[in-house]
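First comes the structure, then the notes that go with it.
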Amino acid sequence: MKIPFSWLKEHTPIKVSVDEVVDALIRLGHEVEGVETPRQDVQGVVVGKIVEKVPHPDADRLSLLKVDIGKDEPLAIVCGASNMDVGDKVPVATVGTTLPGGMTIKKGKIRGEVSFGMCCSEAELGLAEEAEGLLILSADAPVGMEVGEWLGLEEAVFDLSITPNRGDCMSAHGLARELAADMVLPMAHAKMICLEDDASVVSPRAEIIAREDCPCYLSRRIEGVHVTASPAWMQQGLLLAGMRPVNGIVDVLNYTMLYLGQPMHAFDADKLQGDLQVRRAGPGESFVALDGRNLQLTDEDLVVADAEHAVALAGIMGSEDSAVNENTVNIVLESAYFRPASVSRSRRYHGMVSEASMRFERGVDPAMVEIALQQASKIIVDLYGGRPGAVERAGNIRQVNARRTIHCRVSDIEARLGIAIPEAVDQTLERMGFSIHRQEDSLKVSVPAFRHDVAIAEDMAEEYARIIGFDRIPERMPPLLAKGVEPVDDSVRLAVAGDAVQVITYAFIAAEEQRHFVSDDGRDLVLSNPISESMRVMRRSLWPGLLNVAKYNMNRQQAGVSLVEHGRIYELAGESRREHNMLAWLMAGEKEADQWYARGRAADFFDLKGAVDAWLAKRRLAARWIADDTLTGLQPGQAARIMAGKNHVGMIGRVARDVAEYYELDMPVYVAALDLDLLPQGRPARYVPVAEFPGVQRDLVFLFDRNVIAEKVIRCVQQAAGRLLADAYVFDVYHGQGVPEGKISMGIRFTLQDASRTLTQADSDAVSEAIVAAVEQKFGASLR
Amino acid sequence: MSELESLNEQLDRLREQALQDFAAAAGLDELEQLRVRYLGKKGKLTEVLKGVGRLAPEQRPLIGKVVNEIKQLLAEALAGRERELQAVAEQQRIEAERIDVTLPGRKLPQGAIHPVQQGLEEMTAIFRQLGFTVAEGPEIEDEFHNFDALNIQPEHPARAMHDTFFFADGHLLRTHTSPVQIRAMQSLIKRGGTPPVAVVAPGRVYRCDYDMTHSPMFHQVEVFQVGRDISMAHLKGVLKFFLSSYFGKALPIRLRPSYFPFTEPSAEVDIGCVFCDGKGCRVCKQTGWLEVLGSGMIHPNVLQAVGIDHREYSGFAFGLGVERLVMLKHGIPDLRLFFENDVRFLRRMGS
């Protein structure tokens with residue numbers, strides 16, 4: 001909301017600077033988003049009188065002027081305009097002045113003639129979009145005076161963001177009341193002006209059916225108005241306040257609203273059929289609003305209707321049909337109190353905002369309902385003529401006008417704020433319309449009707465706090481709470497200990513992408529109002545998000561990516577919604593770049609498996625990896641379930657080629673995911689003595705059928721080796737030249753150790769023989 | 001020439017020749033050969049000594065003394081030359097093994113934490129230090145926890161501030177982390193507990209806003225403390241401690257009266273602009289202040305909604321936007337960078 005400084009000053013004689021007003025407004029809780037300073041913007045432009053005018057010797061279109069600006073010597077100015085004569089008074093931008101357009105005036109030579117300033121048009125002063133010729137000032141303009149001052153340009157326009165609880169401050173009157181109280185200045189309260197009614201003009205009386213939504217509705221008919229454009233001063237005021245002039249009648253209502261805070265509406269009386277009603281919309285009722293939108297109304301919508309149909313969505317917008325225009329002769333003015341909840345509900349349902357609805361939904365000052373109607377009527381009659389009928393009153397404003405009383409304790413408020421509340425503050429609150437009786441510790445507060453937001457003791461704490469100033473409240477540390485130390489979640493920290501970069505993607509994805517990894521089982525959670533189709537369903541896998549990030553980066557000259565994400569997945573579980581914390585990885589493309597010490601290589605399954613394994617190891621967990629060709633979206637033969645104990649805690653694999661291609665990734669892409677909520681607790685480390693006697697290491701290389709898997713071979717070796725085995729692992733895998741078709745060569749390296757003695761050749765021979773026998777027998781393998 | 005003289009002369013020549021040869025030796029191997037040639041069992045010195053038998057017995061000790069002196073002299077010369085040659089050999093080895101120390105070191109894998117995660121961790125750590133308990137809540141919420149219990153009435157304009165994502169069954173994506181406040185207090189009461197309670201709740205929140213300065217998903221940290229005689233002065237104390245700790249310098253803070261349905265009084269919190277130290281710059285629009293979070297004293301209706309007696313207990317609460325603070329701390333100009341996930345950006349910011 002924009003309010004010109006002069007409007008505030010018309011209510012209370014503020015003497016302090018613009019900056020001080022800004023500080024006071026902020027301290028009182030009215031956020032100032034910006035300040036425009038039209039007068040200051042033309043500082044340095046003064047009234048000058050042309051005392052001489054001769055043609056430029058070298059340019060037909062230019063004139064050489066001598067302009068008196070109240071200094072000893074008139075200024076020589078070269079001017080390109082032609083609409084001025086000797087004796088005219090014009091705005092002169094002196095050397096050093098910066099005009100609103102950004103141009104700074106310098107002493108200069110134009111076609112050989114020196115110029116000490118510039119005579120300005122309205123456009124150059126920022127007063128009009130464009131202009132022809134100079135702005136000729138009236139003859140009584142004092143030479144040498146700042147033009148901004150002479151023209152009465154606004155000193156400042158405050159751009160305010162009024163909080164939703166302060167409808168009373170959405171006007172010059174309301175804000176001035178706050179400032180006057182704070183600065184201890186007299187306040188010119190809005191007064192009731194009564195026009196003489198014309199008995200021959202009969203105002204329609206509204207029937208209020210929805211009394212809950214509209215406790216009071218005033219209407220007045222004015223006949224014989226001559227609607228012209230509103231006067232220039234009013235249009236300028238509206239523009240300063242950020243509203244566009246519409247027509248004479250509407251402008252008066254808007255101007256009055258900005259001034260007093262009460263939104264009003266005008267109907268073209270000749271377009272209304274019969275009497276008015278304030279009621280909820282009927283079934284199937286529709287309505288074309290002023291902005292041209294056709295609204296399907298519901299029984300939640302409060303409307304003003306004539307005998308035929310709705311003519312306004314109450315407190316929000318009138319209908320197109322009943323609107324006032326240049327041809328209107330007879331009007332009906334409306335001024336009412338609509339309940340905030342009703343206006344807010346309809347406004348949000350229909351997605352509309354208007355200056356009126358912004359005020360009604362915050363709660364207007366009930367005292368202004370009639371004052372504003374009377375003031376607006378007077379301005380209309382003064383400007384456009386017309387005969388006003390009597391004000392017809394439906395309902396009773398006293399229903400909203402009642403003052404509330406709050407009983408509370410000074411000590412409670414002081415405890416809440418952490419600062420004493422001196423009695424002097426009571427007087428400021430009294431000037432703001434409260435009436436306060438303080439007796440020892442007890443406070444009895446009578447709240448003005450326009451303060452819809454003050455109802456309980458805590459509200460008064462806020463009133464006291466903002467008068468005292470939040471900055472005066474001391475800073476104190478609260479009593480600290482001793483508590484046990486909780487473990488910090490280090491899931492991500494552990495995951496980026498390798499080369500992975502943590503990413504964060506949106507929790508909602510396209511339904512189509514969901515299907516890449518999760519079959520359609522009806523357990524998707526679907527947003528009713530997504531930003532777009534690509535953000536419609538809650539993800540059940542982190543992989544689509546990671547694939548999109550991979551695509552984004554591969555398209556930006558990255559040779560490879562290693563990503564990890566920590567986030568939730570979401571799904572329906574019967575009647576409830578389940579959210580699980582996941583950790584997911586993606587690796588694709590170059591794993592290691594060419595270096596002077598080694599050639600580069602691409603990421604493969606075992607890079608990713610190693611990363612997941614390392615993560616699990618740091619949690620002191622060991623996993624089993626079970627090949628699974630049925631995992632959706634993963635390539636059969638390169639996919640596995642991850643088991644920890646009996647729990648299926650995750651998946652790993654290569655992304656199916658068609659899915660990778662969907663993300664424009666033409667290299668192998670590997671993904672993994674762990675469900676953190678299903679992971680068991682790792683066991684804390686137990687002490688085991690370090691072996692004192694040396695171990696013996698042996699290698700055995702076997703030829704297996706291709707389908708034999710490493711895990712089973714190692715288990716067989718472990719069983720055959722017995723208690724001397726310290727470690728056994730696959731150190732070499734080979735198939736190809738030298739190995740028969742359908743076979744695979746696997747090298748097993750094992751270490752034997754005894755805690756009590758050094759092992760002999762005989763010991764290791766015996767174990768080797770046992771291993772060979774077991775492996776040959778179990779897998780039909782042969783020693784190479 | 002007597003035998004003795006002849007022998008002495010032979011020895012002199014041998015000594016001179018040996019010293020010459022030693023000095024000329026080019027390597028340790030050659031030097032060893034020279035040692036054998038001159039000093040070995042069948043060496044030249046032994047050869048010379050064979051002539052001693054021809055000397056008169058009284059002359060023999062004289063020549064013996066000379067021979068011993070030569071032996072010692074040559075042994076020392078050998079050792080000296082050996083040291084010289086060893087030094088040369090070592091120098092050669094060093095030259096041969098010279099490397100280019102400017103070649104890059106072998107790459108260790110280098111991961112990066114997301115700057116938002118970094119911010120969340122730093123922020124929660126500060127509150128943990130003050131004895132706050134970390135809590136989390138569901139991201140899919142119901143209207144009661146997200147709005148009603150927080151004193152946000154169904155028709156209240158505040159609900160328009162929160163443009164909410166809904167599911168068909170009426171559930172919604174939480175628009176702030178404040179519902180964790182409700183859940184934490186509810187669970188305290190359900191366990192039969194009473195205040196004091198102090199909680200920090202980091203998490204993801206969602207609003208239907210998507211443009212230059214809004215992301216439909218972002219992160220908040222909700223902080224609240226309830227106890228006897230908790231006042232606004234405590235709120236200011238904790239805010240000052242938190243903001244100064246997070247930004248690593250004692251920042252001026254300013255509280256402005258504002259409005260939130262769940263606090264009374266409510267305050268917007270500004271910090272002295274971190275870019276210009278409050279002097280006024282483009283970022284703070286010349287005001288010297290930056291708005292960073294909303295705060296206040298918990299509204300009695302909120303305490304009532306969770307079954308805490310607001311006449312006995314009071315509390316403060318505030319909620320802060322993680323991305324905003326991270327942007328201010330690290331000078332990140334655009335919110336969208338956080339969710340574009342360009343690894344070049346993430347690696348640069350990551351730690």
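The structure presented is a predicted model; accordingly, all values stated were derived computationally and were not measured. Here is how names work: the chains are called A, B, and so on, in the same order as the sequence lines, proteins then strands, and each is numbered from 1. Computed over heavy atoms, backbone and side chain alike; hydrogens, waters and symmetry mates excluded.
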Side chains of B:F339 and A:T505: closer than 4.5 Å at any heavy-atom pair?
no
Indicate the atoms forming the closest heavy-atom contact of B:E340 with A:Y552, along with that distance.
OE1-OH, 3.2 Å
Chain B interface, residue from A:V549, A:D471, A:V492 that has the most non-hydrogen pairs under 4.5 Å:
A:V492
Can you tell me how far CZ of A:R476 sits from CG of B:L235, rounded to the nearest 0.5 angstrom?
12.5 Å
Engaged part of B:R256 at the chain A interface, taking heavy atoms whose separation is under 4.5 Å
both
What is the distance from atom NZ of B:K236 to atom CE of A:M477, rounded to the nearest 0.5 Å?
14.0 Å
Using 0.5 Å steps for rounding, measure from the OG atom of B:S258 to the CZ atom of A:F470.
9.0 Å
Contact winner vs chain A - B:A267, B:S314, B:P216, heavy-atom pairs under 4.5 Å
B:P216
Looking at chain A, which one of B:P300, B:G237, B:P265 has the largest number of heavy-atom pairs inside 4.5 Å, strictly under?
B:P265
Looking at A:V561, A:D459, A:L480, A:T163, which has the largest count of heavy-atom pairs under 4.5 Å with chain B?
A:D459
Would you confirm whether A:Q595, through its side chain, and B:R106, through its main-chain N or O, come within 3.5 Å as a donor-acceptor pair?
no
Which answer fits B:S266, side chain, backbone, both or neither, if we ask what part of it has an atom under 4.5 Å from a heavy atom of chain A?
both
Should B:N341 and A:L563 count as side-chain neighbours, where that means a heavy-atom distance under 4.5 Å?
no
Partner chain B: residue of A:E592, A:R166, A:Q558 with the largest heavy-atom pair count (under 4.5 Å):
A:Q558
Ring centres under 6.0 angstrom apart (B:F165, A:F508)
yes
Can you give me the closest heavy-atom contact between B:M217 and A:Y506, atom names plus distance?
CB-CD2, 3.6 Å
In this structure, CD1 of A:I504 is separated from NE2 of B:H114 (nearest 0.5 Å) by 4.0 Å
So which of A:G418, A:G29, A:P478, A:G34 has the biggest tally of heavy-atom pairs under 4.5 Å with chain B?
A:P478
Find the distance between NE2 (B:H171) and OG (A:S528) and round it off to the nearest 0.5 Å.
12.5 Å
Pick one of side chain, backbone, both or neither for B:I298, based on which atoms fall under 4.5 Å of a heavy atom in chain A.
backbone
Flag yes if more than 12 heavy atoms outside B:F166 fall under 6.0 Å of its CZ atom; otherwise flag no.
yes
A:V343 versus chain B, heavy atoms under 4.5 Å apart: side chain, backbone, both or neither?
neither
Calculate, to the nearest 0.5 Å, the distance between atoms CG and CG belonging to A:N553 and B:L346 respectively.
8.0 Å
Is A:R577 close to chain B through its backbone or its side chain, or both, or neither, when contacts mean heavy atoms under 4.5 Å?
side chain
Is the shortest distance from a Lys or Arg side-chain nitrogen in A:E33 or B:K285 to a carboxylate oxygen in the other one below 4.0 Å?
no
Heavy-atom proximity to chain B below 4.5 Å, by part of A:P479:
both
By a 4.5 Å heavy-atom criterion (distance strictly below it), what part of B:Y206 contacts chain A: side chain, backbone, both, or neither?
side chain
Do A:E31 and B:E291 come close enough that some side-chain heavy atom pair is under 4.5 Å?
yes
Engaged part of A:L28 at the chain B interface, taking heavy atoms whose separation is under 4.5 Å:
backbone
Do the charged groups of A:D499 and B:R347 touch, with an N to O distance under 4.0 Å?
no
Would you say B:R128 and A:V488 make side-chain contact, with heavy atoms under 4.5 Å?
yes
Closest non-hydrogen atom pair, A:E475 against B:K240
OE1-CD, 3.4 Å
Within a radius of less than 6.0 Å around CG of B:D229, do more than 12 heavy atoms belonging to other residues, nucleotides or ligands occur?
no
Under a 3.5 Å distance rule, please check whether A:W596 uses its side chain to pair with a backbone N or O of B:L103 as donor and acceptor.
no
So do the side chains of B:F167 and A:M538 get within less than 4.5 Å of each other, counting heavy atoms only?
yes
Just by modelled atom types, is the B:E264 backbone N or O under 3.5 Å from a matching donor or acceptor in the A:R416 side chain?
yes
Within-4.5 Å side-chain heavy-atom neighbours: A:M535 and B:Y210:
yes
Quick check on A:A507 against chain B: is it the side chain, the backbone, both or neither that has a heavy atom closer than 4.5 Å?
both
Closest approach of B:S231 to A:L417 (non-hydrogen atoms, all atoms of both residues)
CB-C, 4.0 Å
Ranked by heavy-atom pairs below 4.5 Å to chain A, first place among B:L255, B:V116, B:I230 goes to B:L255
Could you tell me which non-hydrogen atom of B:P257 sits nearest to which non-hydrogen atom of A:R466, and how far apart they are?
CG-CB, 3.7 Å
Can you tell which part of B:T124 gets under 4.5 Å to a heavy atom of chain A, answering side chain, backbone, both or neither?
neither
Picking from A:V564, A:I26, A:D489, which has the most non-hydrogen pairs under 4.5 angstrom with chain B?
A:I26
In terms of heavy-atom contacts, does CZ of A:R556 have more than 12 from other residues, nucleotides or ligands at under 6.0 Å?
yes
Kindly say whether B:H299 contributes a backbone atom to a donor-acceptor pair with the side chain of A:E458 at under 3.5 angstrom?
no
Of the listed B:L108, B:D342, B:L239, the one with the largest count of heavy-atom pairs under 4.5 Å with chain A is B:D342
With the threshold set at 4.0 Å, does a side-chain nitrogen-carboxylate oxygen contact exist between B:E139 and A:R568?
yes
Select one option (side chain, backbone, both, neither) describing which atoms of B:V197 are under 4.5 Å from chain A's heavy atoms.
backbone
For the interface with chain A, which of B:P109, B:A233, B:G296 has the highest count of heavy-atom pairs at distances below 4.5 Å?
B:A233
Using non-hydrogen atoms only, which part of B:P104 is less than 4.5 Å away from chain A: side chain, backbone, both, or neither?
both
